[in-house]
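Everything on this sheet refers to the single structure shown next.
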Amino acid sequence: MMEIDSQRKQLLLTKRSFIQRLLLFVAVLACYVAMSQSISAKPSHYKIVIDADFTGSVTSSHSIRQGIETALAEVNHRIADYTFSVEIKDHRANSRRSKKNLESVINDPQSLVVFSGLHSPPLLAHKDFINQSQVLLLDPWAAAGPITRSKSNENWIYRLSIDDRSAGGFIGKKAYQEGFRRPYLLLEDTGWGRSNEINMLNVLKTFNVEAKGVSWFNWGIGKNHAKLILRQIKQSGADVIFLVANAPEGKVFVQAMVELSHEFNLPIRSHWGITGGDFPEVIPHQQRKKIDLQFIQTRFSFVQRPHSELAASVLEVAISHLPEVRSSDDIKTVTGFVHAYDLTKILIAAIKQAGLSGDKEQDKLAVKLALENLNKPVDGLIKRYSKPFMRWSPLKPNAHEALREMDYAMGYFDHNNDVILIE
């Protein structure tokens with residue numbers, strides 16, 4: 001009887017040992033599966049974030065989105081075996097809100113790169129934060145000169161747009177070639193306006209021309225105030241106005257000028273901020289033809305023919321993938337579309353060259369290095385880009401600028417509200 005009990009105890013011990021080994025095996029297997037899932041959980045998807053004003057500057061911001069989406073559609077939203085999507089963050093032209101958007105990008109392991117919008121002030125306010133936090137930021141519009149010029153060797157901002165270091169000079173030079181000798185500067189009171197003041201006055205000195213004066217205005221200026229400023233400008237003896245304004249304030253000044261008698265009208269040579277909204281819809285051709293208005297642009301137009309093979313292909317892709325686009329007329333702000341498209345093409349080339357690991361910090365650094373060392377040219381709508389960016393240093397102030405003055409032109413709105421470039 002004792003022998004049977006002993007055998008039973010032995011069987012029980014053996015059974016318990018088997019169950020323990022089985023449980024251990026299951027636990028090890030579970031750990032292995034969890035580790036495998038953790039490894040595979042590294043993102044196979046990244047986001048391109050647009051931090052822009054989708055409330056007050058809707059047209060320009062959506063044109064940037066359209067350009068990015070079109071370039072991504074050409075590669076089926078897949079780069080280096082990773083899928084890419086676009087995420088919108090609306091800063092509503094508020095620098096503090098933009099800072100919060102940037103902080104959320106830093107904390108999101110899938111937000112690889114940020115595209116900025118029309119407004120320079122948020123970038124000027126947070127330039128040091130962007131560089132210190134190593135936010136990979138691509139600028140397809142905001143033009144203030146200091147944006148891409150870092151105070152340190154850390155520089156994470158790249159621009160494919162007009163640069164005010166040369167834009168103000170270009171506007172001034174073209175006006176001088178037209179015969180204007182008494183310009184008056186009418187500038188919005190922001191970092192963007194102040195950088196243009198410096199650059200415009202500097203180029204006027206090279207022609208031995210002195211500005212008749214400088215007037216500043218704030219966002220939200222009223223028409224009566226605008227008329228008062230215009231009368232003061234006319235009384236100064238000016239023969240042309242250099243305007244630096246975005247669409248809301250630009251509309252106010254042009255409407256004020258249209259309502260003034262003919263004797264107060266002066267030609268306007270403007271920065272391109274006025275093209276970033278519904279300016280041609282609010283100021284129709286019947287009003288615009290009463291004034292002489294030109295503005296700076298970059299050298300590409302869907303309107304002017306003939307189209308290049310690439311331009312025709314891009315437009316076809318946009319029509320196929322963007323429900324709101326049925327023709328080039330539906331791309332309301334061509335500038336934002338074209339710059340964002342070209343900049344995304346450069347980004348895609350850099351990502352392909354760098355490769356992706358799934359580690360966001362590692363991938364940012366690799367893409368940054370590739371942006372500054374592209375080994376193949378990239379065909380864009382404005383031009384073919386051969387090494388558009390270089391490693392930044394204060395000795396190379398244009399290192400993070402993809403465009404040059406040769407890529408600029410003056411333009412105007414025609415009767416169909418299309419932008420026509422002046423060759």
Donor-acceptor under 3.5 Å ([X] side chain, [Y] main chain):
X    : Y    : answer
H62  : V58  : no
R182 : G237 : yes
D330 : R326 : yes
R404 : E401 : yes
H400 : I157 : yes
D163 : R165 : yes
N107 : S104 : no
N131 : W156 : yes
S236 : K212 : no
N155 : S393 : no

Open item on the list: Just so I know, are the side chains of V244 and F217 near enough to count as touching, which here means a heavy-atom distance under 4.5 Å?
Closed with: no
Task: Trace of the side-chain hydrogen bond (donor to acceptor under 3.5 Å, both in side chains) decision for R149 with N398 - done: CA-CA 8 Å; R149 278 95 188 183; N398 297 324; 2.7 Å; yes
Task: F295 ring center within less than 6.0 Å of H271 ring center - done: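 For H271 and F295, the ring centres are not under 6.0 Å apart.
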Task: Within the 6.0 Å centroid threshold, strictly below: H339 and W272 - done: yes
- [ ] Under the side-chain hydrogen bond (donor to acceptor under 3.5 Å, both in side chains) rule, what do Q297 and T335 come out as? Steps first, then yes or no, please.
- [x] CA-CA 7 Å; Q297 290 282 279; T335 293; 3.2 Å; yes
In plain terms, say whether [X] and [Y] are close enough for a salt bridge, that is, a side-chain N and a carboxylate O under 4.0 Å apart.
X    : Y    : answer
K383 : D407 : yes
K364 : E361 : yes
K223 : E259 : yes
K47  : D108 : yes
K332 : E281 : no
D189 : R194 : yes

TODO: I would like to know whether R92 and D53 meet salt bridge (Lys or Arg N to Asp or Glu O under 4.0 Å); could you show each step before the answer?
DONE: CA-CA 4 Å; R92 304 181 191 175; D53 179 11; over 6 Å; no
TODO: Going by the ring pair (Phe, Tyr, Trp, His ring centres under 6.0 Å) test, name the single residue among W192, W219, W141 that passes it with H119.
DONE: W219
Geometric cation-pi criterion [X] and [Y], 6.0 Å radius, 45° cone:
X    : Y    : result
K173 : F207 : no
R231 : F264 : yes
R78  : F84  : no

TODO: Give the minimum heavy-atom separation between L123 and A142, together with the two atoms involved.
DONE: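 Nearest heavy atoms, L123 then A142: CD1-CB, 3.8 Å.
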Task: Minimum heavy-atom distance between V203 and G172, given as atom pair plus value - done: CG1-CA, 4.2 Å
Regarding [X] and [Y], do their side chains bring together a donor and an acceptor under 3.5 Å, going by distance alone?
X    : Y    : result
Y158 : E372 : yes
D363 : S357 : yes
N101 : R96  : no
S95  : H126 : no
W392 : N153 : no
S111 : E87  : no
Y341 : E74  : yes
T298 : Y408 : no
E154 : S152 : no
N196 : D164 : yes

- [ ] Go through the steps for D90 and R97 under the test salt bridge (Lys or Arg N to Asp or Glu O under 4.0 Å), then give the verdict.
- [x] CA-CA 8 Å; D90 183 5; R97 189 180 294 273; over 6 Å; no
TODO: Could you please spell out the steps behind the salt bridge (Lys or Arg N to Asp or Glu O under 4.0 Å) verdict for R65 and E324?
DONE: CA-CA 12 Å; R65 175 190 59 79; E324 71 274 21; 2.8 Å; yes
Open item on the list: Between R288 and N417, is the side-chain hydrogen bond (donor to acceptor under 3.5 Å, both in side chains) condition met? List the steps.
Closed with: CA-CA 10 Å; R288 294 198 305 269; N417 295 343; 3.0 Å; yes
Open item on the list: Would you compute the distance between atom CD1 of I229 and atom CG of N224 and round it to the nearest 0.5 angstrom?
Closed with: 11.5 Å
For [X], is the [atom1] atom crowded, meaning more than 12 foreign heavy atoms sit under 6.0 Å from it?
X    : atom1 : value
Q287 : CD    : yes
E210 : CD    : no
K352 : NZ    : no

Task: Evaluation steps, ring-ring contact (aromatic ring centres under 6.0 Å, His included), between F413 and H285 - done: CA-CA 8 Å; F413 289 116; H285 177 66; over 10 Å; no
